[in-house]
Protein chains: 2
Amino acid sequence: MISSIAELISDRIGTMPAGERRAAQTLIASYPLIGLKTVAEFSAAAGVSSPTILRFVARLGFQNYPEFQSALQDELAAQLQSPASRTLNPSSPNGGAVSPMLEATLDNLRETFRHLSDKQLADIVAKLADRRGKTFLIGGRFTDPLARYMAAHLAIVQPNVFHLAGQEGVWRDRLIDMGKRDVLVIFDIRRYQDSLVRFAETAHQRGVQIVLFTDQWLSPIARFARHVIAGRTAVPSAWDSSAALFVVAETLIGAVTRQLEADGAKRIRELESLR
Amino acid sequence: MISSIAELISDRIGTMPAGERRAAQTLIASYPLIGLKTVAEFSAAAGVSSPTILRFVARLGFQNYPEFQSALQDELAAQLQSPASRTLNPSSPNGGAVSPMLEATLDNLRETFRHLSDKQLADIVAKLADRRGKTFLIGGRFTDPLARYMAAHLAIVQPNVFHLAGQEGVWRDRLIDMGKRDVLVIFDIRRYQDSLVRFAETAHQRGVQIVLFTDQWLSPIARFARHVIAGRTAVPSAWDSSAALFVVAETLIGAVTRQLEADGAKRIRELESLR
DNA sequence: CAAAATACGTAATATACGATACAGCGCACC
DNA sequence: GGTGCGCTGTATCGTATATTACGTATTTTG
């Protein structure tokens, strides 16, 4: 059963030629607004010609463009009248593989943040935004990208941010640069990596403050960590999910940026002009 | 301060003549839909003539009817893109900086998946799980970690998965290895990177199938992409959020793994024993 | 590798839409 | 009760828009 035009499109998008597929993608991307504009605007946004747009709506089963627009408007009307129905697609074939994964992730996010106090985050933000010390980030086999992601952002709003990558020997040597005023952000979820644990322990002995992103079973590094963020990772998949940790990371990035706004804005402008 | 057109109307409705007032009331009653239809339909619904409608929009300060419609559409766009703003009431439960970010992300996830059909994902999964071709992954300045994350997982369940990193020249040279049976997964959100666009174009010309992860405004690469995943990125932060794309990536990883279960499980066991 | 079929864009055409001029009507004020 | 002003609708015009026909490019198939 196909009720919305969006479903109709995703149902047939596979059978469409390239141009019409681009039209479909453009419409879905900012659904349904572009479809309410004129054919010319729609075609320009999709980067195709007007006739392609018209062939696209014809393929969806509409006699002409106005009829297509009316259908979109009717759909919009129904949505606006009952905002609740917006939240969940009423007649979506959610038996598929999509929904369970999404639902589990949403739950994980809510749970993770429920156990996270504003104060705890504020403390971490204060530490990360403290420009007197350096910030190092490192991750495990699957979480290293999270460390990279966070480093890429933090490095823009403040100096002295370093992502530790490559061979173990390489970043072990960086320990020499770390001291009491520095922060080490570690991502470590199951299965916990010995090399990371050893690294964390040594850093801890040198007085480095450790911020640990881990799962709900807590990496052994928690022992040495000043701050521990425990994210939920369970999803219906062969793999654990790092989404909750990712979102916490983004939240911290945003908060640190706001904290450093005055200086940070200047840095960002400078960097922009360098490009 | 008047922000929405609805406010503007209720502000001036007192000073309007009878006919225009009927127009105003009709519009408010089923806001803003009737305003997106034609002047003729609007006038019929309000029970007045077309010129009255035009005088009505002129009184609101618009130069012409299309301009009025554009304003309505922009307003609608803002609403649809960040449903959070609707929920945003002054007496929010958590006053801290945590909640807005989480709420926005949850909305982004729901919105992103709402525009994703099982079928579309299934197509991508089938392509990624097709062992006859190679899989390349690459990302932009901030999204490269997402490419890494996905590559790290996919590389375990199947051979011939390559993350393209480092200098532009390095991965440009890898184009020589890419052909019709191969898949190129690209992550590209604003601000879109020219180097990536050029790379995608060349790969496309070589017949490589492109799977694009982008934001709702669609990277120019969408032009060359076989499959486009448009994630919502708006959050109350100085940065855009990649969380939605991250979760889609995790979903795909899980699905591909399940698809390759038979072979994949064997590979995973082998790899485990290698450690 | 050749040939046919399909898809796409350019340009011309028809249509429908918004805009405007003008006349009739009602209402208030004198 | 008459006169003037303002509001509204009818009819017409010009224009922007959707539509269609056709030639070219691209892909698919034998």
Side-chain angles (χ1 to χ4, degrees), chain A residues 5 9 12-27 32-73, chain B residues 5 9 12-27 32-73 179-182 201-210 220 222-226:
Chain A
I5 297 176
I9 292 171
R12 302 199 187 169
I13 197 169
T15 71
M16 292 181 187
E20 298 178 32
R21 198 160 47 220
R22 275 162 65 189
Q25 285 159 350
T26 310
L27 176 58
L33 255 145
I34 197 71
L36 298 177
K37 299 189 184 287
T38 67
V39 174
E41 284 176 290
F42 191 169
S43 66
V48 299
S49 67
S50 317
T52 300
I53 298 297
L54 295 172
R55 281 188 285 262
F56 164 66
V57 303
R59 190 182 298 265
L60 292 178
F62 298 99
Q63 293 300 318
N64 49 33
Y65 194 70
E67 185 180 303
F68 163 72
Q69 287 191 316
S70 295
L72 282 180
Q73 287 179 358
Chain B
I5 297 176
I9 292 171
R12 302 199 188 169
I13 197 171
T15 69
M16 292 181 186
E20 298 178 30
R21 194 174 311 144
R22 288 184 66 181
Q25 284 161 347
T26 308
L27 176 58
L33 249 142
I34 197 69
L36 298 177
K37 297 185 185 291
T38 66
V39 174
E41 285 176 288
F42 191 170
S43 66
V48 298
S49 68
S50 323
T52 300
I53 299 297
L54 295 173
R55 280 188 285 264
F56 163 67
V57 303
R59 191 181 296 267
L60 292 177
F62 297 99
Q63 293 300 318
N64 49 34
Y65 194 70
E67 183 180 304
F68 163 72
Q69 287 190 317
S70 293
L72 284 179
Q73 286 180 359
K180 288 190 208 307
R181 335 202 96 173
D182 302 329
E201 183 168 13
T202 314
H204 172 67
Q205 282 162 3
R206 294 184 61 89
V208 179
Q209 295 208 10
I210 296 178
R223 217 183 136 77
F224 315 115
R226 182 65 157 256

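All values below come from the heavy atoms of this structure, side chains included, with hydrogens, waters and symmetry mates left out. Within every chain, numbering begins at 1; the chains are lettered A, B, ... in the order of the sequence lines, protein sequences first and strands thereafter.
Applying the ring-ring contact (aromatic ring centres under 6.0 Å, His included) definition to pairs two or more places apart or across chains, those involving residues 39-62 of chain A are A:Phe62-A:Phe68. Counting only residues at least two apart or on different chains, the side chain to side chain donor-acceptor pair (under 3.5 Å) pairs with a member in residues 57-67 of chain A are A:Glu20-A:Arg59. Residue pairs that meet the salt bridge (Lys or Arg N to Asp or Glu O under 4.0 Å) test with at least one member in residues 43-52 of chain B, sequence neighbours left out, do not exist here.
Atom OG1 of residue A:Thr26 and atom CD1 of residue A:Ile34 lie 7.5 Å apart, to the nearest 0.5 angstrom. Here CG of A:Leu72 is found 4.0 Å from CD1 of A:Ile5. Values are rounded to the nearest 0.5 Å. Separation of atoms CZ (B:Arg206) and CG (B:Asp182) is listed at 9.5 Å; rounding is to 0.5 Å.
Listed in residue order, the members of residues 49-58 of chain B having a heavy atom less than 4.0 Å from DNA chain C are B:Pro51, B:Leu54.
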Between the protein and nucleotides 24-30 of chain D, which nitrogen or oxygen pairs come in under 3.5 angstrom?
none

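Shown here are the side chain to side chain donor-acceptor pair (under 3.5 Å) partners of A:Thr38, two or more places apart in sequence or in another chain: A:Glu41. Residues satisfying the side chain to side chain donor-acceptor pair (under 3.5 Å) test with B:Ser49, not counting sequence neighbours, are B:Thr52. Applying the salt bridge (charged side-chain N to carboxylate O under 4.0 Å, His left out) criterion to B:Arg22, with sequence neighbours excluded, gives no partner residue. With sequence neighbours excluded, the residues that form a side chain to side chain donor-acceptor pair (under 3.5 Å) with A:Gln73 are B:Lys37. Applying the side chain to side chain contact (heavy atoms under 4.5 Å, CB included) test to A:Ser70 and every residue at least two apart in sequence or in another chain returns nothing.
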Checklist entry - Could you walk me through whether B:Arg226 and A:Arg21 pass the side-chain contact (heavy atoms from CB on, under 4.5 Å) check? => result CA-CA 8 Å; B:Arg226 182 65 157 256; A:Arg21 198 160 47 220; 3.3 Å; yes
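Between B:Ile13 and B:Ala24, the closest heavy-atom pair is CD1-CB, 3.8 Å.
Nucleotides of DNA chain C lying under 4.0 Å from heavy atoms of chain A occupy a range whose first and last members, 5' to 3', are C:dA7 to C:dT10.
For the helix from C:dC1-D:dG30 to C:dC30-D:dG1, the rotation axes defined at the first and last 5 base pairs enclose an angle of 30°, given to the nearest 10°.
Look at CG on A:Leu36: it is 15 Å from P on D:dT17, rounded to the nearest Å. Atom CZ in A:Phe68 sits about 11 Å away from atom P in D:dT19, given to the nearest Å.
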